[in-house]
Every structure is written in C-alpha cells, then in structure tokens.
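First the structure, in the form of structure tokens, and then the observations on it.
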Amino acid sequence: MSRASTRFDTKKVNSELVTLTYGALVAQMIKDLDNTEDVSKQLERLGYNMGIRLIEDFLAKTGTGRCLDLKDTADKIQSAFRMYLGVQPNVANWSAAGDEFSFILDSNPLTDLVELPDELKNLKYCNIICGVIRGALEMVQLDVQSWIVQDQLKGDQNTEVRVKFIRRLEDAMPAGED
Amino acid sequence: MSLTGRNKTSILDKPLSRGKGEVSLSCFALLFSEVVQYCQNRSHTVPELQNRLHELGRKVGVKIIDLYFLRERNGKREIKLLNILLFVKSTLWKVLFGREADKLEHSNDDENTYYLMEKEPLVNRFISVPRDKSSLNCAVFVAGIIEAVLTGTGFTAKVTAHWHKGTTYMVKFDDTVVTRDKQLEER
C-alpha cells in the first residue's frame, strides 16, 4: 500500500562537512565546559533534541507503520542509520529477556578524522547517537536507555551502542479532557 | 611525544580516505541547528552569536586546508591571489556543498576586497530568522571556513557574510597580500 513512498531522499551532503562541524562543536564545548562528564551529557542532550525532529523526517520519508515488537524497532533504526549516516550497523547481543540489544558500527562518519587525546579519555564522543536514539524513540512512545559500550576512539575494534527498553509511554491526556 | 611504550597506531598512520562519503541533508541541517542553538545559549547579542559561529567555522576551515589541498591539488600550493579565490569558489564549494558558488567579483572601490555571492547557502536552507534579529546570517559559519582557508594558505584575509543579493561573502585581504601579489605579476 505505501510501497511507493519508500523513495529515499537523494539530497546528500559531504560527510566530512558533518564530521568537521561536529568536531568543531565538541572542541568548543570542551573549551567552554571544563568537565568531560558535562560535555558528554550536553552531547546526549543535543542528540535528544535532534532525535525528536529526526523521527518525523524518518516517518515522512519512509511512511512505515507501527513496529510490532522490539526486533522490528531495531530493524527500523538500522535502516535509519543507513539513510542518515550512510552506514549499516549490525544488530546483535540481544539479552535473554529480549529487551536489550546493541548496534555495532564498524565505521562511523562522525569519528572519521578524529583522535581523542589522553586528557579526554572519559569523553563519550559518540554520545550524540545515544541521544538521537533516545529522542526519536520517545516520540513514538518508547522509553529507552541508550549508552556506549565500546568506542573505536578508545581503541576498541568497533563502536557499540546498547539500547535497553524500559517501558512503553502512554500519551497523557490534557487536564480537563476525558 | 608520548609514544614510548605505546604502540597504538595513530590516525595519521592510516591512509587518507577518498572523501566520497555522503550523509543525508537532514542530518546536517539538524546538527547545524543544534550548533546555532548552542551558540545562541551562550551569547547575549546577535554580534556575539555571529562571532561564535564564525569561530566554529574557522575551526572547520583549518582542518579543511590540508585535506583538500592533498586530495584535489596533489599538494601543490597556490601562490596567486586569483587562483586561491577560484579554488575556493569552485573546488572547495563543490566538495563541501555539492555545487559551485554563484559569482566572484572584485570590488570597484577597494582593490583589497572581493565578493563571493551565493543565492542560497546550504546552511541557511532550514533556518528562519526572526524579525528582531534580522541582521543574523548563519552563513557567517561558512565565512569562518573561508577565512581560515585563506589565512591558512598564506593569504591573510577577513571574511564576513551579508544579506545582499542572497548571501554575499565580503573578502578583505591584508595590504601585504595584495602588494605581494602585484609583485608576483610584475615579474
């Protein structure tokens, strides 16, 4: 029925512009806030703000319906990664209860030209991705927690973002209405 | 510096990527909107906001020089003024924004000043400016990039962005740069 609207938007931008812009922003933040914890939190919040708007863009471009379960959600996020960042992560490491999973990225356009110096060892550079996932899923009534398990910038093989389903959110009715 | 006992491969040991990666426009637009919001939260006036964006643009521009001179120009330096401006207008614009800048003009009044014009910069595409801040042009970010590229390649200049026929970047070179260029031409 809505097969025709799976055309992906062809307007693309050089990925290095995004890499360098994000890098300049992080560098400026580190100068402004002294604490790497604060910077990581700010990046997550920034990602959250982006995520709540990105989900609308995603739904407009793909016109998909509701996800049936968490596996479906994971697949949709995977295709969103491909659409927006041009990388295909692997979905893996499902927990026994089926409520946690990981995205494994072996290349990440945000960190292409980046090297973390020693004094910023605690910085979660890719926290913006965690924020985007959290923000986007919150707008479709899924409360999730997302964090970075492995980070290529810190010497790991690939970047792993773990997502844990907390609960389903109910739309709150405004006071005065039934 | 601190490489003793550490045999981690540094990022400079890996070969340079070909730079053909692409990311969706919405991703960049949302990231840029967050950048502007971040700068706005830390500024109290429009000129201060513009300065912050310009600074960020400069940070980006500094990194771009090595990257693109190595890739597009095979490492050869530009020594003529007009050539570097043409490089910025065509090659650099094309790799960053996917198309060339619209016009490059030399000012009639001041021989140090050039104008680069663009009808609709990519960064401004999804930005709406409120009426009380109408002097804000977020293309100062791009102006910062240009300034860093020009200054870093040896052509010290100041670049600002204005609302004129779309967006105009006013490039004002240092006197020393113009004098040096004239001497080169006379040889």
Side-chain angles (χ1 to χ4, degrees), chain A residues 8-29 31-33 42-43 45-54 56-58 60-61 80-87 107-118 128 131-132 135 152-155, chain B residues 1-2 6-14 16-39 41-42 52-64 66-68 71 92-98 122-123 125-126 141-142 144-145 148:
Chain A
F8 283 171
D9 193 302
T10 50
K11 295 202 185 61
K12 302 258 189 204
V13 157
N14 188 352
S15 71
E16 273 159 7
L17 184 58
V18 173
T19 310
L20 293 172
T21 306
Y22 184 61
L25 180 66
V26 176
Q28 184 66 34
M29 267 189 194
K31 226 194 282 181
D32 292 335
L33 310 159
Q42 267 279 55
L43 288 177
R45 208 173 307 140
L46 223 74
Y48 178 79
N49 290 341
M50 272 177 70
I52 56 185
R53 296 164 75 184
L54 204 75
E56 292 182 19
D57 191 72
F58 178 73
K61 286 188 183 141
F81 262 105
R82 202 175 61 232
M83 231 166 91
Y84 290 113
L85 286 180
V87 290
S107 80
N108 184 354
L110 292 175
T111 60
D112 262 341
L113 304 164
V114 179
E115 200 174 35
L116 266 187
D118 280 335
I128 200 173
V132 170
Q152 253 169 339
L153 291 175
K154 297 190 182 145
Chain B
M1 279 177 295
S2 59
R6 226 181 37 153
N7 48 4
K8 251 189 346 187
T9 52
S10 126
I11 202 173
L12 294 171
D13 294 327
K14 300 193 202 129
L16 187 61
S17 70
R18 297 228 307 141
K20 290 270 188 284
E22 282 181 332
V23 156
S24 117
L25 174 62
S26 8
C27 190
F28 175 69
L30 284 169
L31 180 65
F32 190 67
S33 102
E34 287 305 316
V35 167
V36 175
Q37 281 180 52
Y38 176 76
C39 294
N41 285 339
R42 303 195 84 89
R52 281 183 178 269
L53 283 175
H54 199 254
E55 263 300 315
L56 280 178
R58 274 223 293 266
K59 284 194 165 75
V60 175
V62 161
K63 309 282 162 70
I64 279 186
D66 278 334
L67 202 57
Y68 287 109
R71 275 204 203 121
L92 202 64
W93 230 259
K94 213 187 218 128
V95 282
L96 285 179
F97 308 124
L122 192 78
V123 297
R125 205 153 146 217
F126 296 105
F141 179 73
V142 181
I145 298 182

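By convention in this document, chain letters (A, B, ...) are assigned in the order of the sequence lines, proteins followed by strands, and residues within each chain are numbered from 1. It should be emphasised that the depicted structure is a prediction, and the values quoted were computed from it without experimental measurement.
Between N14(A) and F28(B) the shortest side-chain heavy-atom distance does not fall below 4.5 Å.
Using a 4.5 Å cut-off between heavy atoms, V132(A) does not touch chain B at all. Contacts between D32(A) and chain B at a heavy-atom distance below 4.5 Å involve backbone atoms as well as side-chain atoms. The part of D57(A) that comes within reach of chain B is its side chain, from C-beta onward, which places non-hydrogen atoms under 4.5 angstrom from that chain. With a 4.5 angstrom heavy-atom cutoff, L113(A) touches chain B via backbone and side-chain atoms both. When heavy atoms are compared at a cutoff of 4.5 Å, R58(B) does not approach chain A at all.
Between L56(B) and A24(A), the shortest heavy-atom distance links the atoms CD2-O, 3.4 Å. Residues S26(B) and Y84(A) share a closest heavy-atom pair of OG-CE2, 3.5 Å.
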Query - Step-by-step side-chain contact (heavy atoms from CB on, under 4.5 Å) determination, F97(B) to L17(A) - result: CA-CA 9 Å; F97(B) 308 124; L17(A) 184 58; 3.9 Å; yes
Donor-acceptor pairs under 3.5 Å, side chain of residues 30-37 of chain B to any protein atom, not counting sequence neighbours: which ones?
unit_1	atom_1	unit_2	atom_2	d
S33(B)	OG	R53(A)	NH1	3.3
S33(B)	OG	L30(B)	O	3.2

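Between chain B and the options V87(A), D112(A), L20(A), heavy-atom pairs under 4.5 Å are most frequent for L20(A). Ranked by non-hydrogen atom pairs under 4.5 Å with chain B, the options V114(A), T21(A), T19(A), L85(A) are led by T21(A).
Considering OG of S24(B) and CZ of F58(A), their distance stands at 11.5 Å, rounded to 0.5 Å. Here CD of E16(A) is found 12.5 Å from NZ of K63(B). Values are rounded to the nearest 0.5 Å.
Heavy atoms from other residues, nucleotides or ligands lying under 6.0 Å from NZ of K59(B) number more than 12.
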